[in-house]
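Read the structure below first, then the notes.
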Amino acid sequence: MDVIRQKRAPVYEALEKFRRQRVVPFDVPGHKRGRGNAELVSFLGERCVGIDVNSMKPLDNLCHPVSVIKEAEELTADAFGASHAFLMVNGTTSAVQAMVLSNVKAGEKIIMPRNVHKSAINALILCGAVPVYIDPKVDTKLGIPLGMEIADVKRAVEENPDAKAILINNPSYYGICSDLRAIVKLAHENGMKALVDEAHGTHLYFGPNLPVNAMTAGADMAAISMHKSGGSLTQSSILLCGPGANVGYISRIVNLTQTTSASYLLLASLDISRRNLALNGHDSFEKVTAMAQYARSEINEIGGYYAYGNELINGGSIYDFDETKLVVNTRSVGLTGIEVYDLLRDEYDIQMEFGDLSNVMAYISIGDRLQDIERLAGALADIKRIYAKPEYSFFSAEYISPIVKATPQEAFYAEKESLPIESTIGRISAESVMCYPPGIPILSPGEVITKEILDYIKTAMEKGCSMQGPESEDISELFVLK
Ligand SMILES: Cc1ncc(COP(=O)(O)O)c(C=O)c1O
């Protein structure tokens, strides 16, 4: 990484220059630096609306970067050790979809763990590729899906030598990493691309003693949520490419769905955050890891809760663990993670990242403070004292192996009918159902609906998980194939 060059932030600098010029706007956006929308200015401030501008020559154009955005992308690639980087403004969803769409076409196979984010499965609906799912192992005590074991990936590769790519989560929402280097090697030895969903892994490029990142492991592409641990504005993201990527083709794929009016607030936030990570990321994430470790020890002192860390590593399905992730298992206090999540928000004004049936998660980042961690630990101790119940057992894991009968695209576009959810057992789903977050479908289009899946959905709804996927708002009905 070229530290001197990394001090530049070309998009941000161009916007600052533009602001000083006081150009008269006869272009969109129609609020005209806020003058046409006083309420928006009083809400967001003049500085913010003043740079909410459209593409123009001095500010470049995200759809075909030739100047300041191109330079910002080059700096981003340099900071992340990539050959090329695309700045993305349609979320990491668009980065995951661009990775999939640029590597597999209709009818071609892609190997992936089944516990992927919905953006990956939705990419298959868009392009018609065929998933070869690898069941992640599950930790039935913690109730979480784990990583892919090498033996399982090997088997999938041997049985599907015609697959074009392998998609890997690095890490999962819960901090779990597969053996990324070995999977990338396996992919390349068999003529397949290695595509990595690093929505939860921006910091792996900067912090010390963290699991290996996709570019270092030799992967072909990676989708990076800068807006998660990287500190940029919500929805801003990055798509990284390794050596040999067909950047021109990938750019055409990105432009199939990318807005033609990219927000300069998002682009500048990517530029500023990349500079900050390049210059300060090492120290920042060292502190974040230390804070998460401190939180784990405070929470584990309470008893009942289990905030897990590196001790989970087993050389296989948990090849590595991202210690910045603070996930707390709540089973032994007799409460679901989502119940603890709701109590923390409603009774203690603490907003957690997510709660599922067995765990609650705090996203620890550069913006957190030790006193907030202490407040969280205090609130958890209080909740245990006031609300603890006998230990429960609902589900062994946040994951049920699917029975796949059709590809996501076939099922999505098939002739279908809507049925009361309780009458759908044995039918093939045309819709996804998931708790969001984490956004990993419990049911995807093309999969058989079983009693176990319906029991899970019912319990998740009863316990207060936010559900999404189906057309039916209250999920009382599901579309199934005719
Ligand atoms: C693993 C994973 N991939 C992709 C995404 C999509 O990211 P975004 O919300 O920025 O579109 C998420 C979102 O949480 C995610 O958890």
Side-chain angles (χ1 to χ4, degrees), residues 85-101 110 112-126 131 133-134 136 144-148 165-178 180 195-204 211 213-214 219 221-240 254 257-259 262-263 265-267 269-270 273 322 324-327 341 351-356 359 361-365 398-399 408 432 434-442 444 465-469:
F86 291 90
L87 303 187
M88 307 291 284
V89 292
N90 295 23
T92 305
T93 293
S94 65
V96 169
Q97 295 185 342
M99 278 198 311
V100 174
L101 266 59
I110 176 165
M112 54 168 71
R114 174 56 180 76
N115 59 326
V116 284
H117 182 255
K118 70 169 186 172
S119 54
I121 291 177
N122 289 347
L124 305 180
I125 295 178
L126 292 174
Y133 289 129
I134 296 190
I144 59 170
L146 305 176
M148 297 189 282
I166 306 180
L167 190 137
I168 308 124
N169 293 319
N170 190 55
S172 72
Y173 226 139
Y174 301 90
I176 309 291
C177 298
S178 306
L180 188 58
L195 314 176
V196 186
D197 183 341
E198 278 185 331
H200 301 288
T202 309
H203 50 290
L204 305 187
N213 62 62
M221 294 176 83
I224 310 282
S225 276
M226 273 291 267
H227 71 88
K228 293 196 170 94
S229 58
S232 63
L233 287 180
T234 295
Q235 205 173 311
S236 60
S237 180
I238 296 171
L239 176 60
L240 300 177
V254 167
T257 50
Q258 175 168 267
T259 175
S263 161
L265 296 171
L266 298 184
L267 291 173
S269 87
L270 282 171
S273 308
D322 170 9
T324 68
K325 301 275 184 290
L326 178 62
V327 192
Y341 169 99
Q351 179 60 51
M352 300 293 272
E353 171 69 8
F354 78 85
D356 60 28
N359 303 278
M361 186 211 186
Y363 218 102
I364 309 289
S365 86
E398 292 293 312
Y399 177 81
S432 294
M434 71 203 77
C435 302
Y436 209 106
I440 298 163
I442 192 77
S444 272
C465 291
S466 302
M467 309 294 290
Q468 53 171 262

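For ligands, and for the atoms within them, numbers begin at 1 and follow the listed sequence.
Using a 4.5 Å heavy-atom cutoff, the side chains of K118 and S432 are not in contact. Contact annotation: the side chain of I121 approaches that of R114 to within less than 4.5 Å [non-hydrogen atoms, C-beta and beyond].
Between S119 and ligand 1 there is a heavy-atom distance shorter than 4.0 Å.
For ligand 1 and Y436, the ligand atoms under 4.0 Å from any heavy atom of the residue are 13 (C), 14 (O). Annotation for ligand 1: atoms under 4.0 Å from non-hydrogen atoms of G91 are 10 (O), 11 (O).
Among all non-hydrogen protein atoms, the one lying nearest atom 16 (O) of ligand 1 is H200 NE2, 2.7 Å. If you check which protein heavy atom lies closest to atom 13 (C) of ligand 1, you get K228 NZ, 2.9 Å. Of all protein heavy atoms, the one lying nearest to atom 7 (O) of ligand 1 is T92 CB, 3.3 Å.
The shortest N or O to N or O distance between H227 and ligand 1 is under 3.5 Å. Among the atoms of N169, none of the N or O lies under 3.5 angstrom from an N or O of ligand 1. At a 3.5 angstrom cut-off on N or O pairs, D197 counts as close to ligand 1.
In this structure, L265 CG and L270 CG are separated by 11.5 Å, a value rounded to the nearest 0.5 Å.
Closest to atom 5 (C) of ligand 1 by heavy atom, among Q235, Q97, H117, is H117.
Checked options L87, L233, N90; the residue passing with L266 is L233 (criterion: side-chain contact (heavy atoms from CB on, under 4.5 Å)).
Under a 3.5 Å cut-off, the side chain of Q97 and the backbone N or O of S119 do form a donor-acceptor pair. A donor-acceptor contact shorter than 3.5 Å is absent between the side chain of N359 and the backbone of I144.
Neither the backbone nor the side chain of F354 comes within contact range of ligand 1; no heavy atom lies under 4.0 Å. Heavy atoms of T93 found under 4.0 angstrom from ligand 1 belong to the backbone as well as the side chain.
Under the side-chain hydrogen bond (donor to acceptor under 3.5 Å, both in side chains) criterion, S232 pairs with S236, sequence neighbours left out. By the side chain to side chain contact (heavy atoms under 4.5 Å, CB included) test, E353 pairs with Y173, M361, Y363, sequence neighbours left out.
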